[in-house]
There are 2 protein chains.
Amino acid sequence: MDDRLVASRNDFVELMGRAMEAEGMPRIGGRIVGLLLFEGRPYSFSELATELGVSRGSISSNTRLLVEREMIAKCSRPGDRQDYFRVADDLYGDLLSGVCRRIRRTSGDIRRIVGELPDEGDTPRERLERFADFYDAVADGIQVAADKVRAQRDTAA
Amino acid sequence: MDDRLVASRNDFVELMGRAMEAEGMPRIGGRIVGLLLFEGRPYSFSELATELGVSRGSISSNTRLLVEREMIAKCSRPGDRQDYFRVADDLYGDLLSGVCRRIRRTSGDIRRIVGELPDEGDTPRERLERFADFYDAVADGIQVAADKVRAQRDTAA
DNA sequence: CATTATGTTCAGTCAATAATGAACGTATGC
DNA sequence: GCATACGTTCATTATTGACTGAACATAATG
């Protein structure tokens with residue numbers, strides 16, 4: 001393979017690793033997604049381990065995590081015992097939905113706390129409600145974006 | 001202070017601590033913001049340390065970080081040497097702008113890598129461009145939300 | 001049945017970084 | 001000038017969580 005292409009690929013894989021890390025997930029998870037995205041074809045379990053130079057244990061736990069979050073999908077091939085992985089059909093939409101869910105969980109937590117505030121006295125009820133509203137507004141916005149992405153994909157297909 | 005109110009406050013402070021941690025910032029930073037938001041009044045440097053039960057060193061580094069990110073603001077009082085802190089006027093908008101900036105940086109990184117791909121041959125150019133487009137679309141959406149939040153605040157005031 | 005391929009689990013290691021607290025510089029008030 | 005209050009810095013400690021690799025379970029293959 002072209003040297004420059006390899007260099008680009010490594011850059012991209014590392015970039016995705018760091019981006020994933022910033023989202024609070026293991027770096028290797030991002031590397032896996034990056035590799036699959038860059039190459040645009042399924043990779044086998046062992047291929048992932050050798051290509052990324054990480055332990056099989058890491059591949060096992062990270063692919064499981066990524067499949068759970070629907071960022072990649074497991075697929076198999078007739079006459080081949082290995083597990084293969086590819087990027088999920090709706091990777092973009094699912095990325096957004098995940099962010100969305102996290103935000104809504106936080107807003108829900110805030111509202112739960114507000115609900116337990118004493119009724120009388122000087123409480124921060126209104127301030128906290130506005131804060132929760134803010135979170136929900138952001139989640140709404142992202143949800144719209146996710147729907148848009150899905151619509152676009154469905155039209156293209 | 002009412003016991004239940006104290007309990008709620010601790011819950012909220014801890015919630016903000018964890019939320020901030022999820023955003024890749026120190027937990028204490030979130031606790032500071034949570035306390036200021038809940039109480040709705042400025043707190044002095046020492047108050048923050050004693051109230052949150054953390055070292056003065058932590059208060060120093062975390063308030064600096066939060067001021068840099070414009071999530072809180074330093075304010076002073078005539079005839080008082082202490083530093084006081086309050087939530088920033090545009091906390092919400094700045095939170096969103098921060099997220100936005102991070103996303104655009106990633107999309108820029110992707111486009112830089114795409115720009116260095118060899119011209120000919122089978123390259124993932126189009127795939128990666130679509131990925132960068134996705135990131136930008138999300139950033140656009142968040143930017144809109146941030147503007148909306150600012151507009152709302154300016155009307156209310 | 002022995003061997004090999006495959007993926008999982010988990011105890012231990014390692015690295016990143018948050019938090020502490022003592023030492024320090026500076027300013028204030030007595 | 002002395003004592004005190006305030007905030008910063010930085011070396012050290014503690015914590016967290018990713019990663020490894022060996023042991024394991026399972027299934028295919030000859």
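All chains are named by letter (A, B, ...) in the order of the sequence lines, taking the proteins before the strands, and each is independently numbered beginning at 1. Note: hydrogens, waters and symmetry copies are ignored here, and every other heavy atom, side chains too, is used. Because the structure is predicted, anything quoted here is derived from the model rather than measured.
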Inset, instruction - Using a strict cut-off of less than 4.0 Å between a Lys/Arg side-chain nitrogen and an Asp/Glu carboxylate oxygen, indicate whether B:Arg69 and B:Glu23 qualify as a salt bridge. - result: no

Inset, instruction - Quickly work out the B:Ile59 CD1 to D:dT9 C1' distance and round it to whole Å. - result: 16 Å

Legend entry - Per-nucleotide protein contact string for nucleotides 20-30 of chain D (B base, S sugar-phosphate only, - none; heavy atom under 4.0 Å): BB------S--

Inset, instruction - Would you mind checking if B:Asp109 and B:Arg112 are paired as a salt bridge, meaning a charged N to carboxylate O distance below 4.0 Å? - result: yes

Inset, instruction - Look at the side-chain N and O atoms of B:Arg64 and state whether any lies under 4.0 Å from the OP1 or OP2 oxygen of D:dG7. - result: no

Legend entry - Euclidean distance, atom CG of residue A:Leu52 to atom P of D:dC19 [Å, nearest integer]: 11 Å

Legend entry - Distance, rounded to the nearest Å, where B:Arg18 contributes CZ and D:dG17 contributes P: 12 Å

Legend entry - Cation-pi geometry met for B:Arg41 and B:Tyr43 (6.0 Å, 45°): yes

Inset, instruction - Starting from C1' on D:dG7, measure out to CG on B:Asp80 and report it in whole angstrom. - result: 13 Å

Legend entry - Separation of C:dA15 C1' from A:Glu21 CD (nearest whole Å): 11 Å

Inset, instruction - Salt-bridge test for B:Asp90 and B:Arg150: reply yes if a basic N is under 4.0 Å from a carboxylate O, no otherwise. - result: yes

Inset, instruction - Decide if atom CZ of A:Arg127 counts as having more than 12 heavy atoms of other residues, nucleotides or ligands within a radius under 6.0 Å. - result: yes

Inset, instruction - Rounded off to whole Å, could you give me the CG-to-C1' distance for the B:Asp83 and C:dT28 pair? - result: 14 Å

Legend entry - Most 5' of B:Lys74 and A:Gly24 on DNA chain D, judged by nearest nucleotide: B:Lys74

Legend entry - Geometric cation-pi criterion, A:Arg77 with A:Tyr84: 6.0 Å, 45°: yes

Inset, instruction - Answer yes or no: is there a side-chain heavy-atom contact under 4.5 Å between A:Glu39 and B:Pro124? - result: no

Inset, instruction - Mind calculating the distance between CG (B:Asn62) and P (D:dT9) to the nearest angstrom? - result: 13 Å

Legend entry - Euclidean distance, atom CG of residue B:Leu65 to atom P of C:dA19 [Å, nearest integer]: 11 Å

Inset, instruction - Select one nucleotide: of D:dT8, C:dA19, D:dC19, the one nearest the side-chain heavy atoms of B:Arg27. - result: C:dA19

